[in-house]
Structures are given as structure tokens and as C-alpha cells.
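See structure below.
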Amino acid sequence: MTKTLILLFHRDLSQSRANAALAAAAAGIPGVEVVDMQALYPEGIDMVRDGEREAARLLATDRIVLQFPIQWYSTPALLKAWQDAVLTRMFYLAYEAEGRALEGTPLMLAATAGNVPDAYRPGGRNMFAMIDLLAPLRATAHRCGLSWSDPFIVYEADKLLPDALEAAAADYAATLAGWIAATATTGREAA
């Protein structure tokens, strides 16, 4: 069985409705591991202290999902700190042993946003399409040789009624299951 790692970056999962529901739905899929990064690193992440463990976690999986709420058109601070600590280590300090070994790993983003989809377009309230706001992560995936997949986005995340939230979580689980099946022969495990 292949392994899918979901790194969940939410400042306080106990205060989340959408990200908590998505994570719970994903955790029910065989071969999926969800890691609450804020719970794991409440004081932040350090390249020296934590980088080796996180690099090993990435190298032990077949595909990676970064799950997070969009905050002020960007990722949560811990996700950026994780990139600085782990990806800098893997791709600049230990490329031959770690970075090269991660190349080819499929990557998906799962993000939640507070506004309606129409707000995320040129001329909309937020001025940019969501895919444009995620461009730095796509550039990071490209630089690290990770196989980019279309992101999964939940809009109006903090306003969804229970039925809509349940439907979004089910859609996420179905999307993940389909992505896992589709990448089963394209990622590092196929090599």
C-alpha cells in the first residue's frame, strides 16, 4: 500500500470547522496520514532541531498534501517556516541525500478560503484568481521537482452550513482517493 501524507497547517484546529472536517474525512482513507503541524510544533519549526525529522517524514511517503487556510492571500506562518526549515535543508544543504530523493513526488494543495469563489478573480473583491494566489507554492513545487496537481479549494469555509460542510469533506475524500489512484504509477513509488 502506498502512503499519502497530509501536513495540516492550521493555527488552532480545535477552532476550525472546515479544516477539521476535511482532515477527519481524509484520515478515513486507507494509507493516508494526517499530521497536525501546529500541534507538533507549537513554538515553531527549526531547520537544525526539526529539519531532519521532517525530511525523513517526506522521504517516507509517496505523495504529499499541504492543507491550510488562506490567510491574507498567503499561507499560515508555520507553513512558510516549514518551507524555510525543511525544503531549504533538503534542496540546498542536503540535496544529494534528501532533495534529489524527493523529486517526482506528487504534491497537492488543499486550501480553505473565507470568501465566495467569485471574489477570487480579476476584478473581484480579492482581485486575483485563487490559482494566482497559490503561484508561490506552485513555483516551490517546480523548484523542488515535485509533481504539481490541481489544488482542492473550499470557499466560504467559515460560513458553510453543516450539510454543505459535510458535502465538502466528502468531496475532499473523493478527490483525494481519485488523486491517490491516479498518482499510484506516476510518483516515486513507481520508479
Side-chain angles (χ1 to χ4, degrees), residues 1-10 13 16-37 54 57-70 75-76 79 82-83 86-87 101-121 128-191:
M1 176 182 295
T2 63
K3 181 177 176 187
T4 301
L5 177 65
I6 298 177
L7 299 178
L8 173 57
F9 295 90
H10 190 286
L13 200 55
S16 169
R17 290 178 57 245
N19 275 280
L22 296 179
I29 300 170
V32 170
E33 177 187 4
V34 179
V35 179
D36 180 349
M37 298 299 283
E54 289 304 311
R57 184 190 315 272
L58 293 179
L59 292 172
T61 194
D62 299 304
R63 63 194 62 71
I64 303 163
V65 177
L66 301 178
Q67 183 182 324
F68 56 93
I70 299 288
T75 63
L79 176 48
W82 176 88
Q83 288 177 273
V86 180
L87 298 181
L102 190 66
E103 290 177 351
T105 302
L107 173 72
M108 176 194 247
L109 305 181
T112 58
N115 215 328
V116 298
D118 197 46
Y120 296 95
R121 62 172 179 77
F128 294 97
M130 183 60 74
I131 197 67
D132 294 335
L133 294 175
L134 297 174
L137 291 170
R138 188 170 188 176
T140 298
H142 175 77
R143 168 61 186 87
C144 295
L146 304 177
S147 177
W148 178 264
S149 299
D150 289 337
F152 181 87
I153 311 291
V154 175
Y155 295 95
E156 298 182 275
D158 57 339
K159 300 167 192 73
L160 294 176
L161 296 175
D163 287 349
L165 186 57
E166 187 177 317
D171 187 27
Y172 182 47
T175 298
L176 281 173
W179 177 67
I180 290 167
T183 59
T185 59
T186 61
R188 288 182 295 125
E189 76 276 9

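Just so you know, residue 1 is the first one in the sequence shown, and it goes up from there. Atom set for the values below is all heavy atoms of this structure, side chains included, hydrogens, waters and symmetry mates excluded. Predicted model, so just to flag it, every value in this text is computed and none were measured.
Side-chain contact between Leu134 and Asp132 is absent, with no heavy atoms from C-beta onward closer than 4.5 Å. Contact check for Trp179 versus Val65: side-chain heavy atoms found under the 4.5 Å cut-off. With contacts defined as side-chain heavy-atom distances shorter than 4.5 Å, the pair Thr183/Thr2 does not qualify. Taking the side chain as every heavy atom from C-beta outward, Met108 and Asp150 never approach each other to under 4.5 Å. Leu109 is not listed as a side-chain neighbour of Ile153, based on a closest heavy-atom distance of 4.5 Å or more. Using a 4.5 Å heavy-atom cutoff, the side chains of Leu87 and Thr140 are in contact.
Side-chain atoms of Lys3 never come within 3.5 Å of backbone atoms of Arg63 as a donor-acceptor pair (strictly under, hydrogens ignored). For the pair Thr105 (side chain) and Leu102 (backbone), a donor-acceptor distance under 3.5 Å is present. Under a 3.5 Å cut-off, the side chain of Gln67 and the backbone N or O of Asn19 do form a donor-acceptor pair. Distance alone, capped at 3.5 Å, is enough to place a donor-acceptor pair between the Ser16 side chain and the Ala20 backbone.
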Item to complete: Evaluate side-chain contact (heavy atoms from CB on, under 4.5 Å) for Arg17 paired with Asp158, printing each intermediate quantity in order.
Response: CA-CA 7 Å; Arg17 290 178 57 245; Asp158 57 339; 5.5 Å; no

Check the pair Tyr120, Leu133 against side-chain contact (heavy atoms from CB on, under 4.5 Å), reporting the backbone distance first and the verdict last.
CA-CA 9 Å; Tyr120 296 95; Leu133 294 175; 3.9 Å; yes

Could you please spell out the steps behind the side-chain contact (heavy atoms from CB on, under 4.5 Å) verdict for Val35 and Leu5? CA-CA 8 Å; Val35 179; Leu5 177 65; 3.7 Å; yes

- Could you walk me through whether Ile64 and Leu58 pass the side-chain contact (heavy atoms from CB on, under 4.5 Å) check? CA-CA 8 Å; Ile64 303 163; Leu58 293 179; 3.7 Å; yes

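Between Ile29 and Ala173, the closest heavy-atom pair is CD1-O, 3.5 Å. The two residues Ala164 and Leu160 come nearest to each other via the heavy atoms CB-CD2, 4.0 Å. Residues Met130 and Ala113 approach most closely at CE-CB, 3.7 Å, considering heavy atoms. Closest non-hydrogen pair, Ala141 versus Leu107, comes out as CB-CD2, 3.7 Å. The heavy-atom pair separating Leu22 from Ala169 by the smallest distance is CD2-CA, 3.9 Å. The minimum heavy-atom distance between Thr112 and Pro69, with the atom names listed, is OG1-CA, 3.2 Å.
The structure places OG1 of Thr75 at 8.5 Å from CZ of Phe9, a figure rounded to the nearest 0.5 Å. Rounding to the nearest 0.5 Å places CH2 of Trp82 at 11.5 Å from CZ of Phe68. In this structure, OH in Tyr155 is found 10.0 Å from CG in Asn115, a value given to the nearest 0.5 Å. From Arg57, atom CZ reaches atom OG1 of Thr61 across 10.0 Å, with rounding to the nearest 0.5 Å. Remark: Ile6 CD1 to Asp36 CG distance equals 12.0 Å, nearest 0.5 Å. Going from atom OG of Ser147 over to atom NE2 of His142 covers 12.5 Å, rounded to the nearest 0.5 Å.
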